[in-house]
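Reading through the structure tokens given below for one structure.
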There are 4 protein chains.
Amino acid sequence: MEYNEKHIKIIEAAEKLFSDNGFNGTSVRDIAEAADVNLAMISYYFGSKDNLLVAIFKYRGENTRQLVSEMIENKELSPLEKFYTLIDFYIDKFQNQQCFHRVMAREQIIHTHGPVATAILSVKKTNMELIKQLVQEGQRKKQFKKEIDISLMMNTLFGTVNHLYTTKHYYKELNNLQSLSDEQFEKQLRKKLSVYLKTLFKAILTYED
Amino acid sequence: MEYNEKHIKIIEAAEKLFSDNGFNGTSVRDIAEAADVNLAMISYYFGSKDNLLVAIFKYRGENTRQLVSEMIENKELSPLEKFYTLIDFYIDKFQNQQCFHRVMAREQIIHTHGPVATAILSVKKTNMELIKQLVQEGQRKKQFKKEIDISLMMNTLFGTVNHLYTTKHYYKELNNLQSLSDEQFEKQLRKKLSVYLKTLFKAILTYED
Amino acid sequence: MEYNEKHIKIIEAAEKLFSDNGFNGTSVRDIAEAADVNLAMISYYFGSKDNLLVAIFKYRGENTRQLVSEMIENKELSPLEKFYTLIDFYIDKFQNQQCFHRVMAREQIIHTHGPVATAILSVKKTNMELIKQLVQEGQRKKQFKKEIDISLMMNTLFGTVNHLYTTKHYYKELNNLQSLSDEQFEKQLRKKLSVYLKTLFKAILTYED
Amino acid sequence: MEYNEKHIKIIEAAEKLFSDNGFNGTSVRDIAEAADVNLAMISYYFGSKDNLLVAIFKYRGENTRQLVSEMIENKELSPLEKFYTLIDFYIDKFQNQQCFHRVMAREQIIHTHGPVATAILSVKKTNMELIKQLVQEGQRKKQFKKEIDISLMMNTLFGTVNHLYTTKHYYKELNNLQSLSDEQFEKQLRKKLSVYLKTLFKAILTYED
DNA sequence: AATGAATGAGTCTTCATTCAT
DNA sequence: GATGAATGAAGACTCATTCAT
């Protein structure tokens, strides 16, 4: 599917609004205003509001595979180094596409079937596949433990990052960081999280010493 | 606040519907029908649909503290044993109150301020406080590491459990477990998750050998 | 009809609220709260909200007749002096019972039939009768003109006072009297209106010189 | 603001219904039915029921100024003749737009602030200004008294006409004119009122002989 | 290809009143 | 006599979508 400029304008406006007010809390009218396009154009371009949601997942799902794929095939890095790179990649992704991940975090809960679920599953399958590949490489090279539940491990990776970024307002409050500017806070969070996850996954994946 | 039988009937009906269709995807009419009460009674009892959501959080938040508190004060368990008990407690909680946690998982994302956020924050504060207490006990007894980021660690605990239970339909699909009955699946998941998290948190908290 | 203390409390609370927000803009619940009585008591005492409105007119209509009647029968005053007294009496009445007159001014417009109209008509008949008597006395004594349209003249009397008091907020604005305190304004208005109406009705009623 | 055919259809239907049943006594559904338009169209066109009320005042307020203005600038009439014309103009206006004036009579009482009050005040200001101009012309030409309280005088003019037309059902009753057809009654009323007011205002404005 | 106008269905909430106690 | 709890009906408004142009 090719998205032209206006498609993208609508998608990004919708993403922001869905992120702030939820899918059902956002009206097509709101989106049209935010994207500065005619109201009827949204139905015209996407068919329906539901379809627009699916389009968001497709739009955001497209890029990931290639980026991660290239990184994994890099021959100069050890599996653990690759995993560290992967962690930073996902942290960056969540940080830079917070709106999208907020939308996804919410919608994946209620969509168990149907086109939205299919689009989400496709994103998840890609991630699963790439990470599996990486873990297996580490295992082949005897640098990663043999017994690793990849699915649960991924749950920890995405669960932690996702939970942290989608509820960062509570994190801020609980840790009395209200005085920090958003920028400072995000920078600090990024750093701490990166170190934390690397330590954590080193423990999960490798034979510690 | 005291909730009578009808309050609870409404709360539980709402919880289920919010869980399945989202807050905005559920009409007060739907709730009234599911709870088998008069439509006007919901406004009469709770004032508004928003208030009903807050009531759900208050209702579910009330019990936790005492249960966890008692467990933590138990003198016969070591800190690590207590943490293991805590893990199982939360796994059970998520498993038994999946509807509630689905609602909470969704609502905590968009409510950054206001009464809903306040109710959620209160639940989170309680959890934070209790776990902090427990970790500090372990540290005092030199059984837990000195440098533990409690907040991030909790993110891993709740993030993992939360993500797994709220998106278990994807987990099932990604691991090709569609053939399992829901009961079998849940039982197996519970078991695997428990072992996984205990191993994980042992690594996070203690000086491994 | 005898009104007890609670009846009167309700009537006066209703009168104030109807005056501020209109009959349909006031809920029985509002009245119950303002009167500090149980909600059901209003139906219990008055039967219905409509009946309460009728009760207001009956309650306020009762006193007028006797007061005016006595004044008119006073043998020491000339007809014109009596009319002057009457003018001040009505000005005082409108000033002291502004809420009631606001309600009446509004309700008399839409109630052309039915119990409310009947109650209002009864008040009007009383006034008409008394004033007619007074004018005829003046005519008998050759102090008032023979050709006086009493009905239109009363329209001028009540129309002027009524219009002025029910829309005094516009009068204030139009005459740039916003700086005056309510008290100062009312005092000044009362005075000016009294002089104005006496001059006016002297011209209408008597043979000027 | 430009009103198209449908706007006007809605405005006029609303005006009639507000006149008969009051603003709060009329539902948007009633208006939609009377105007034979879709229910949602009223919100679509006017935004809200309150806005529709404001639109009524704006719609009816637009024409007056020009008509009166032209008449006042007419060089062939004496000030008193102009005033007589003005009286007939307002009588006609009240007679022909009884619904509107009923609505205005009711709403000006409770709206002391806000957009409705602003729209009403604007109508009143226009009238005030035009009449002031006319009276001052009469004073300059030494045909009107020097000491005239224009504001109170206008209260008498509008108060009388307004009171008479908005409560004409009581006038009919009090004067035992129930046997007259509406047409006959209105014709007769118009005539009597015109004569009455001209006599009255001649007395108020000019040096009588 | 793009859109202004329009709409049927549905939203949450409030209402005056009732009735068992 | 007095009332807390309850409700059927109705309220104003918003929604996603359509369709003639």
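Side chains are part of it too, since the values below use all heavy atoms of this structure and drop only hydrogens, waters and symmetry mates.
When each of F/dA9, F/dG4, E/dG8 is scored by its nearest atom to the side-chain atoms of B/A40, the top-ranked nucleotide is F/dA9. Residue D/V28 has its side chain nearest to F/dC13 when only F/dG4, E/dA6, F/dC13 are considered. Set against E/dT18, E/dT7, E/dT17, the side chain of D/M41 has E/dT7 as its closest nucleotide. Set against E/dA6, E/dG8, F/dT18, the side chain of D/N38 has E/dG8 as its closest nucleotide.
Distance, D/R29 CZ to E/dC15 C1': 15 Å, rounded to whole Å. The nearest whole Å value for the distance from the CG atom in B/L17 to the P atom in E/dC12 is 12 Å. If you measure from atom CG of D/L52 to atom C1' of F/dC13, you get 14 Å, rounded to the nearest angstrom. Rounded to a whole Å, the CZ atom of A/F46 is 14 Å from the P atom of E/dT3. Between B/E5 atom CD and F/dA5 atom C1' there is a gap of 15 Å when expressed in whole angstrom units. Atom CD1 in B/I42 sits about 17 Å away from atom P in F/dA5, given to the nearest Å. Rounded to an integer number of Å, the gap from B/N24 CG to E/dG10 P is 17 Å. Here the P atom of nucleotide E/dT17 and the CD1 atom of C/I31 are 10 Å apart, to the nearest Å.
Side-chain N/O atoms of C/K49 include none lying less than 4.0 angstrom from OP1 or OP2 on E/dC15. At least one side-chain nitrogen or oxygen of A/Y44 sits closer than 4.0 Å to the OP1 or OP2 atom of E/dA1. For E/dA2, the OP1/OP2 oxygens have a side-chain nitrogen or oxygen of A/Y45 closer than 4.0 Å.
Residue C/L39 is in base contact, counting any heavy-atom pair closer than 4.0 Å across all strands shown. Residue-level contact check: D/S27 touches the backbone only, with heavy atoms under 4.0 Å from sugar-phosphate atoms and none from bases. Heavy atoms of D/K6 sit under 4.0 angstrom from primed sugar atoms or phosphate atoms, though from no base atom.
Mapping C/G25 and D/V37 onto DNA chain E via the closest heavy atom, the residue that lands nearer the 5' end is D/V37. Position along DNA chain E of the nearest nucleotide to B/D30 versus D/N4 favours D/N4 as the more 5'-ward residue.
D/E15 pairs in a salt bridge (Lys or Arg N to Asp or Glu O under 4.0 Å) with only one of the listed residues (D/R106, D/K9, D/R60), which is D/R60.
Residues A/R102 and A/F18 form no side-chain contact, since every pair of their non-hydrogen atoms from C-beta on lies 4.5 Å or further apart. A heavy-atom distance below 4.5 Å is found between the side chains of B/I11 and B/L52. The shortest side-chain heavy-atom distance between C/N21 and D/N24 does not fall under the 4.5 Å cut-off. With a 4.5 Å cut-off on side-chain heavy atoms, B/F23 and B/D50 count as touching.
Base pairing of E/dT21: its partner is F/dA2, meeting the Watson-Crick or G-U wobble criterion (both donor-acceptor distances under 3.5 Å). Applying the Watson-Crick and G-U wobble criteria (two distances, each under 3.5 Å), F/dA12 pairs with E/dT11.
Note on C/K124 versus D/E173: no salt bridge recorded, every NZ/NE/NH1/NH2 to OD/OE distance being 4.0 Å or above.
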